[in-house]
4 protein chains.
Amino acid sequence: MPRSKEQFEKIRIRTRNKILAKSLDLFATKGYDSTSASAIAGACGLSKSSLYHHFESKERILITILENSYYDWKEKYGVADQFDEPRQELKRSVLASVQSIKENPKFYKILSELQEKLPDTEEMQKLIAKISSEKMADYASLFKKMGFKDPLDEVYFFGATLSGAIRAYLIIGENYPIDEIVNRLLKNYEIF
Amino acid sequence: MPRSKEQFEKIRIRTRNKILAKSLDLFATKGYDSTSASAIAGACGLSKSSLYHHFESKERILITILENSYYDWKEKYGVADQFDEPRQELKRSVLASVQSIKENPKFYKILSELQEKLPDTEEMQKLIAKISSEKMADYASLFKKMGFKDPLDEVYFFGATLSGAIRAYLIIGENYPIDEIVNRLLKNYEIF
Amino acid sequence: MPRSKEQFEKIRIRTRNKILAKSLDLFATKGYDSTSASAIAGACGLSKSSLYHHFESKERILITILENSYYDWKEKYGVADQFDEPRQELKRSVLASVQSIKENPKFYKILSELQEKLPDTEEMQKLIAKISSEKMADYASLFKKMGFKDPLDEVYFFGATLSGAIRAYLIIGENYPIDEIVNRLLKNYEIF
Amino acid sequence: MPRSKEQFEKIRIRTRNKILAKSLDLFATKGYDSTSASAIAGACGLSKSSLYHHFESKERILITILENSYYDWKEKYGVADQFDEPRQELKRSVLASVQSIKENPKFYKILSELQEKLPDTEEMQKLIAKISSEKMADYASLFKKMGFKDPLDEVYFFGATLSGAIRAYLIIGENYPIDEIVNRLLKNYEIF
DNA sequence: AATGAATGAGAATTCATTCAT
DNA sequence: TATGAATGAATTCTCATTCAT
């Protein structure tokens, strides 16, 4: 145990983060399946074997990205446990989601890709399902508090527009008027 | 046997169609990238080299599928050149789209996959862009005829909901209440 | 279907046989685990991918070698179903075994290696067990016919000497006096 | 703390012994080639680099195991320099060998594996040859003293049975009646 | 029209080992 | 003494594709 235990930790974390960041880039751009371990290593200036020194598998890199991003998101933008007015909380949560997507579109691109293909492992399947469903459940509880008789129906409609807008934004980019669309959606619920 | 030429042609077309059909299945289920030429050949009861006898590349199979499906769809369900009432034409076109998706979800799954990743070749890129944008242009002209000042804005909103619902249907399947959502969307435009 | 169906078959068989022969050499010399698919391909003047065109896996090559050799051996040297005198049949079978080992020591080297390590797959396990046990059962039935009260005990003793001699021959080679040892072993049972 | 030097030495030796013991286990169970340096380090609760701190290579670990076990064996069970009666000494030595195998089958499994494949280095080759031949020479001198005209022939026959029985014991395990076979072998030389 | 043979490039991953601290 | 970081070379095997017949 040399003096540099902390130094090691620093190096390790820096390399790990680099791998995660470059993988995020590559996965978002070329897709997870089409990104090779070689490409990730190359982008990080590492050898393939060094990559495997930090992550046991390509899938583990992906899972780590998903988990990190998910927990980040939840902490920053998730539906609060306590809130005064469901309409205002819905607004806050939706705007926060949009904000999150603008800040981290790559994560959502990856998520989008994964939702469409059948996952390689059960662990992935569960993780995707968890991330995908949680938001819907949150929205459903808000619509219930807003007094809708069929909150789930409402979530379906609301969710269709929201997710359609998000997907378009992810594909088209900055030129897509996501803010206007979201505002108009909220206006339909008399949220201004 | 002077008619053997025609028979050859028949066989040729039959084989081609088999390849296209099986590829559609496989691309939709496992994704384009994850479907190997071997798998397609196997599914068709052909050798790999026979496959390449009919199509110069895997990508050419994909492009053919996209083009065929697109022209089929346009013929059957596209916005008509001549119509009486834009509201009724919008309804007809939207319901036709939904119908088309229900009839051929595989094609839309593939399209969805392709929209999200950057295409391998320019030809693919253009084709995807064309298919993706054309419908929007059709809808825009309808909204214009319906008297909207900003028909493009309207298309964005309308399109967000519609495409969000379609995507959910493609992922979730029969249990997703796509008809209800579409009806509600039309109702918002006073289309019943 | 060109004229050359038979030619194809010829080429195919020749290549397969080359692969099997070279693999036999390499497995016997360096051991199965330590022989790489690359090495086999190289020895055959083939690319790695061509190797996999002929055999689905390295293990399949091994299994094919074992099965071929085993059936060859059984046909040529196995204990006959019909025989006059068990002592003479024992002699015939043992000398045939020795002959077989002299003719095909490589196969026995591989078998020897495999008997000592835990097999990778169940298929291998069963195959090894089958080849290993069959001869012992044959000998047991002969000793029974020779009037031994405890034929299995006799097989154990007889088999220890025989297999010890065989193993020494496989390791040491031509200089090992296997014939003398086998003759002496038979003499102990009054077989001349 | 002037005695820390000795303590270091103690730790060093303890770690070395742990490495040797765990390696013995792994080599015997999975084979030398199939045991990775990683696996050894893991089994010892050490890092891979610590492993290489104690042994310059995987092969050095193997060689050390072989040498240690060999010298242990020789000291405890080898043919004595001085003895009264060759028959009794043969009996003592053989029974001791069997005892040794029962006590340390792992070492003999490794030895058996190594005898069958061509060694990676000359050092290994010589070591294996030495261990393998020395016992034979010892037995030869005993048979000579017992008055056999061709003691080497006798060793060949005697050795075939003994080594055949040992190998069967190593493969089959406790259920193999090695004691009975050895007793019967000795009885053939009128040793009771 | 059809196909078996063949391949170079590349996939994910593991290996034994070195080095700086 | 111990170890985390790093790596080049190797592993088995798959890929899309070409070619001769």
Side-chain angles (χ1 to χ4, degrees), chain A residues 1-5 7-9 11-12 14-16 33-41 45-59, chain B residues 4 7-9 11-12 14-16 33-41 45-59, chain C residues 1-5 7-12 14-16 33-41 45-59, chain D residues 4 7-9 11-12 14-15 33-41 45-59:
Chain A
M1 304 110 170
R3 179 104 318 98
S4 49
K5 211 172 184 179
Q7 279 182 310
F8 273 146
E9 190 66 9
I11 293 171
R12 204 174 152 264
R14 197 175 302 164
T15 310
R16 262 182 78 94
D33 281 332
S34 302
T35 300
S36 71
S38 247
I40 298 171
L46 286 173
S47 68
K48 261 186 291 177
S49 26
S50 296
L51 188 70
Y52 280 89
H53 181 61
H54 290 274
F55 289 92
E56 68 182 350
S57 67
K58 207 179 86 169
E59 193 191 18
Chain B
S4 64
Q7 284 187 323
F8 269 144
E9 188 63 12
I11 292 173
R12 224 180 77 88
R14 199 176 301 165
T15 308
R16 257 183 81 92
D33 280 333
S34 302
T35 300
S36 70
S38 243
I40 298 172
L46 284 173
S47 70
K48 265 186 289 178
S49 14
S50 299
L51 191 69
Y52 280 87
H53 197 63
H54 289 273
F55 291 92
E56 68 180 350
S57 68
K58 205 179 89 171
E59 194 190 17
Chain C
M1 302 112 172
R3 176 102 322 95
S4 49
K5 210 172 182 178
Q7 280 181 310
F8 273 145
E9 190 66 10
K10 247 185 197 166
I11 292 173
R12 205 175 151 264
R14 196 175 302 164
T15 310
R16 262 182 78 93
D33 281 333
S34 303
T35 300
S36 71
S38 248
I40 298 171
L46 286 173
S47 68
K48 261 184 292 176
S49 27
S50 296
L51 187 69
Y52 281 89
H53 180 61
H54 290 274
F55 290 92
E56 67 181 352
S57 67
K58 207 179 88 171
E59 193 191 17
Chain D
S4 65
Q7 284 185 323
F8 270 144
E9 188 64 12
I11 292 173
R12 224 180 78 89
R14 198 174 302 166
T15 308
D33 280 333
S34 302
T35 300
S36 71
S38 243
I40 298 171
L46 283 174
S47 70
K48 265 187 286 178
S49 16
S50 298
L51 190 70
Y52 280 87
H53 198 62
H54 288 273
F55 291 92
E56 67 181 349
S57 68
K58 206 178 88 170
E59 193 190 19

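Chain letters run A, B, ... following the sequence lines, proteins first and then strands; every chain starts at 1. Small disclaimer: the values here were computed from a predicted structure and weren't measured. Just so you know, these numbers use all the heavy atoms, side chains as well, and skip hydrogens, waters and symmetry mates.
Note: CG (L51(B)) to C1' (dA2(E)) measures 12 Å, nearest angstrom. Look at CD on Q7(B): it is 17 Å from C1' on dA2(E), rounded to the nearest Å. Atom-to-atom, CZ of R14(A) to C1' of dG4(F) comes out at 15 Å; the value is rounded to the nearest Å. Whole-Å rounding puts the L46(A) CG to dT13(E) C1' distance at 16 Å. Summarising the geometry, the separation between CD1 on I40(A) and C1' on dA12(E) is reported as 11 Å, rounded to the nearest angstrom. Across the protein-nucleic acid pair, F55(A) atom CZ and dA6(F) atom C1' stand 16 Å apart, rounded to whole Å. In this structure, K5(A) places its NZ atom 9 Å from P of dG4(F), rounding to the nearest Å.
Taking the salt bridge (charged side-chain N to carboxylate O under 4.0 Å, His left out) definition, one finds that R12(C) meets it with nothing, sequence neighbours left out. Residues satisfying the side-chain contact (heavy atoms from CB on, under 4.5 Å) criterion with S34(D), sequence neighbours excluded, are D33(C). In this view, S47(D) and S49(D), S50(D) satisfy the side-chain contact (heavy atoms from CB on, under 4.5 Å) rule, not counting sequence neighbours.
Among the nucleotides dA2(E), dA5(F), dT3(E), the one closest to the side chain of F8(C) is dT3(E). With dA1(E), dA2(F), dA5(E) as the choices, the nucleotide that has an atom nearest any side-chain atom of H53(B) turns out to be dA1(E).
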- Under 4.0 Å protein heavy-atom contact, by nucleotide of nucleotides 8-13 of chain F - B base, S sugar-phosphate only: B-BSBB
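OP1 or OP2 of dA1(E) lies within a sub-4.0 Å distance of a side-chain N or O belonging to R12(B). For dA2(E), one of the phosphate oxygens OP1 or OP2 lies less than 4.0 angstrom from a side-chain nitrogen or oxygen of T15(B). Here H54(C) reaches the OP1 or OP2 of dA6(E): one of its side-chain N or O atoms lies under 4.0 Å away.
Atom-to-atom distance recorded for S36(C):OG and K48(C):NZ is 8.5 Å, nearest 0.5 angstrom.
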Enumerate, atom names and distances included, each donor-acceptor pair closer than 3.5 Å involving a side-chain atom of residues 52-59 of chain A, sequence neighbours excluded.
{"residue": "E56(A)", "atom": "OE2", "partner": "R60(A)", "partner atom": "NE", "Å": "3.1"}
{"residue": "S57(A)", "atom": "OG", "partner": "R60(A)", "partner atom": "N", "Å": "3.1"}
{"residue": "K58(A)", "atom": "NZ", "partner": "Y32(A)", "partner atom": "O", "Å": "3.1"}
{"residue": "K58(A)", "atom": "NZ", "partner": "T35(A)", "partner atom": "O", "Å": "2.7"}
{"residue": "E59(A)", "atom": "OE2", "partner": "T121(A)", "partner atom": "OG1", "Å": "2.4"}

- Note on the structure: Symbol by symbol from the 5' end, with Watson-Crick or G-U pairs under 3.5 Å, [ ] crossing and | another strand, DNA chain F is .||||||||||||||||||||
